[in-house]
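To keep things clear, I will list the structure first and then write my remarks on it.
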Amino acid sequence: MQSTLISATAVAAVLALSACGEKPQDKMGIRSDQPAQAGTGVAAFTEPGWKAGDHASWSNHLKARANYGMNDHQRAPK
């Protein structure tokens, strides 16, 4: 009886500690050597008027998006 209890406790401890391990996360997401302003090459993801690879256009577009489309502080009623 006591050896069964010790075995069950050991198995429970091993199972509990195995849940503490973390899997490596080094292969997640898109890996690309291209900068973000290079674009995806898919027309559906490209806004009209923006040329892929143009860093100044990319920066201006992000600034405009932050100010007019994504900034909730400017859109909130006062």
Side-chain angles (χ1 to χ4, degrees):
M1 180 75 172
Q2 188 177 8
S3 64
T4 306
L5 181 61
I6 292 173
S7 297
T9 305
V11 169
V14 168
L15 288 175
L17 290 175
S18 68
C20 294
E22 184 175 346
K23 296 179 182 178
Q25 300 177 5
D26 57 347
K27 296 193 183 223
M28 295 182 68
I30 297 173
R31 297 287 180 173
S32 177
D33 293 338
Q34 297 179 353
Q37 66 265 12
T40 60
V42 180
F45 301 125
T46 305
E47 181 148 341
W50 177 72
K51 291 183 177 183
D54 185 7
H55 183 68
S57 172
W58 174 262
S59 296
N60 290 336
H61 177 75
L62 287 180
K63 286 178 189 175
R65 181 178 173 192
N67 285 331
Y68 304 119
M70 302 296 289
N71 192 342
D72 290 334
H73 296 289
Q74 289 184 350
R75 295 189 308 167
K78 294 181 181 183

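Keep in mind that what you see is a predicted model, and the values were worked out from it rather than measured. In this chain, numbering begins with 1 at the start of the sequence shown.
- Partners of H61 under the side chain to side chain contact (heavy atoms under 4.5 Å, CB included) rule, at least two apart in sequence or in another chain, are E47.
- Every residue two or more places apart in sequence or in another chain that forms a side chain to side chain contact (heavy atoms under 4.5 Å, CB included) with V42 is listed here: T40, A44, F45.
- Across all non-hydrogen atoms, the minimal contact from A52 to A38 is CB-O, 3.3 Å.
- Legend: residues meeting side chain to side chain contact (heavy atoms under 4.5 Å, CB included) with S57, ordered by chain and number and at least two apart, are W50, D54.
- If you run side-chain contact (heavy atoms from CB on, under 4.5 Å) between V11 and each of L15, V14, T9, only L15 comes through.
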